[in-house]
Amino acid sequence: MKRVVVTGASSGIGAATVKRFAELGWQTVAVARREDRLRALAAETGAHIIVCDVTDEAQVARMVAEVAETGGATGLVNNAGGAVGADSVEHSSNDDWRRMFEVNVIGLRTVTAAMLPVLREGAGQTGSASILNLTSTAGHDAYPGGGGYNAAKFAAHAVTNVLRLELAGEPIRVMEVAPGLVHTEEFTLKRLRGDAEAAAKPYVDVTPLTAEDVATVIAGAFEQPAHVNQDLIVLRPVAQSSVFHTHRGPLVPKA
Ligand SMILES: NC(=O)c1ccc[n+]([C@@H]2O[C@H](COP(=O)([O-])OP(=O)(O)OC[C@H]3O[C@@H](n4cnc5c(N)ncnc54)[C@H](OP(=O)(O)O)[C@@H]3O)[C@@H](O)[C@H]2O)c1
């Protein structure tokens, strides 16, 4: 039995990850708040869908109970997350910071804690289970305006490392994928509160990663032999050599 729960599966990287796992023959459970989008994904992939806000503990408990009742799980991808605002530390709002911490950090912890008994059961049956957390290069390098998103993703990175230490001795690997610039439909639009013109700018004259690129890397980490734990995978577009260096225009070999 290979069954993976993917949070934040209604768009972007999460939806692409469900599709990739389905292509590889995994059973998938797609979790998010927007039911209409989950239904469309289910029609395309055969995913079992569960509507759930990962920041609501009661909803998470119900979601995990449904996972257990419908076949359990051997994998979890904590992908639900995102950024709210790009304001300086001085001028940002605590409400935005709380929203980012709620989904990127506390939601990740809530889902992970609730899923662990189910994953242990899956590992008991199959020999192994896997947890993979989606952080970001923003969880490793600070940048001006990164503020609450930097802080939340640094925290998600730390939680991943703590969890790996705490699960030592169990057949459960704990992995992190930290992408750089990924062009998904909603991420920057939501971050910039619906300003479509500003949201288009980061992707001008550059070939960013796609959701499918990231999904392939996530699923690839799960497909490694069970004794291989890819602790941290950082992936960026070739045109982006750091959070501060994005090359615009064609990539050409030096003469
Ligand atoms: N795009 C990038 O450049 C980039 C780069 C590095 C890392 N990341 C990270 O990758 C992950 C996915 O990003 P993306 O680009 O695919 O963004 P996205 O399209 O905005 O996807 C975010 C997903 O999270 C879900 N979500 C948000 N809040 C939730 C909640 N409270 N409960 C349940 N689900 C929730 C959303 O679905 P609902 O609204 O339907 O709940 C959506 O499916 C995020 O963790 C993001 O921080 C993105």
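Whatever order the structure lists ligands and atoms in, that order sets their numbers, starting from 1.
Counting non-hydrogen atoms of other residues, nucleotides and ligands closer than 6.0 Å to CZ of Arg39 gives a total of 12 or fewer. Around atom CZ of Arg164, more than 12 heavy atoms belonging to other residues, nucleotides or ligands sit under 6.0 Å away.
Residue-level proximity to ligand 1 for Lys190 is carried by the side chain, the only part with a heavy atom below 4.0 angstrom. The side chain of Val103, and not its backbone, has at least one atom closer than 4.0 Å to an atom of ligand 1 (non-hydrogen atoms only; side chain from C-beta on).
For atom 24 (O) of ligand 1, the nearest protein heavy atom (residue, atom name, distance) is Gly8 CA, 3.4 Å. The protein heavy atom nearest to atom 4 (C) of ligand 1 is Val182 CG2, 4.0 Å. In this structure, the protein non-hydrogen atom closest to atom 32 (N) of ligand 1 is Val54 N, 2.9 Å. Regarding atom 47 (O) of ligand 1, its nearest protein heavy-atom neighbour is Tyr149 OH, 2.7 Å. Shortest contact from atom 15 (O) of ligand 1 to any protein heavy atom: Thr184 OG1, 2.7 Å. Among all protein heavy atoms, the one lying closest to atom 37 (O) of ligand 1 is Ser10 OG, 2.8 Å. For atom 21 (O) of ligand 1, the nearest protein heavy atom (residue, atom name, distance) is Ser11 OG, 3.3 Å. Ranking the protein heavy atoms by distance from atom 17 (O) of ligand 1 puts Phe187 CB, 3.8 Å first.
With hydrogens and angles ignored, the 3.5 Å screen pairs no side-chain donor or acceptor of Asn104 with any backbone N or O of Gly81. The closest donor-acceptor contact from the side chain of Arg3 to the backbone of Gly72 lies under 3.5 Å. No donor-acceptor pair under 3.5 Å is formed between the side chain of Arg34 and the backbone N or O of Ser11. At least one donor-acceptor pair closer than 3.5 Å links the side chain of Thr7 to the backbone N or O of Asn79. Checked by atom type and distance alone, the side chain of Asp56 never pairs as donor or acceptor with a backbone atom of Asp53 at under 3.5 Å. The main-chain N or O of Leu134 is found under 3.5 Å from a side-chain atom of Lys153 such that the two form a donor-acceptor pair.
At least one heavy atom of Cys52 lies less than 4.0 angstrom from ligand 1. The closest approach between any non-hydrogen atom of Gly82 and ligand 1 is below 4.0 Å. Within the structure, the closest approach of Gly107 to ligand 1 does not fall below 4.0 Å when heavy atoms are considered. Taking 4.0 Å as the cut-off, Gly180 counts as a neighbour of ligand 1 on heavy-atom distance. Distances from ligand 1 to the non-hydrogen atoms of Val214 include no value under 4.0 Å.
At a cut-off of 3.5 Å, with distance as the only test, no side-chain donor of Gln27 or His48 sits close to an acceptor on the other residue. Using modelled atom types and a 3.5 Å distance limit, the side chains of His140 and Thr137 yield no donor-acceptor pair.
Contact atoms of ligand 1 toward Thr55: 31 (N) (distance under 4.0 Å to a heavy atom of the residue). Every atom of ligand 1 is numbered from 1 in the order shown, and the set under 4.0 Å from a heavy atom of Arg34 is 37 (O), 38 (P), 39 (O), 40 (O). Those atoms of ligand 1 that come under 4.0 Å of a heavy atom in Asp53, given as number and element, are 30 (C), 31 (N), 32 (N).
The closest heavy-atom contact to atom 9 (C) of ligand 1, among the options Asn133, Thr135, Val77, comes from Thr135. Here the shortest heavy-atom distance to atom 22 (C) of ligand 1, taken over Gly12, Ala80, Gly81, Gly14, belongs to Gly81. In this comparison of Leu134, Asn79, Thr188, Ile13, the heavy atom closest to atom 45 (O) of ligand 1 sits on Asn79. Summarising the contacts of atom 41 (O) of ligand 1 with Lys153, Met100, Arg33, the nearest heavy atom is found in Arg33.
Distance OH/Tyr149 to CE/Met100: 9.5 Å, rounded to 0.5 Å.
Every N/O-N/O distance between Pro179 and ligand 1 stays at or above 3.5 Å. Residue Ser136 has no nitrogen or oxygen atom sitting less than 3.5 Å from a nitrogen or oxygen atom of ligand 1, judged on distance alone.
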| field | From CA spacing to verdict: side chain to side chain donor-acceptor pair (under 3.5 Å), Ser93, Asp95 | value | CA-CA 5 Å; Ser93 97; Asp95 281 348; 5.1 Å; no
| message | Go through it in stages, so that I can follow the logic: the residues are Leu132 and Asn78, the test is side chain to side chain contact (heavy atoms under 4.5 Å, CB included), and I'd like the CA-CA distance, side-chain angles, deciding distance and then a yes or no. | response | CA-CA 6 Å; Leu132 188 148; Asn78 281 308; over 6 Å; no
| request: Go through the steps for Phe222 and Leu24 under the test side chain to side chain contact (heavy atoms under 4.5 Å, CB included), then give the verdict. | output: CA-CA 11 Å; Phe222 275 68; Leu24 292 168; over 6 Å; no
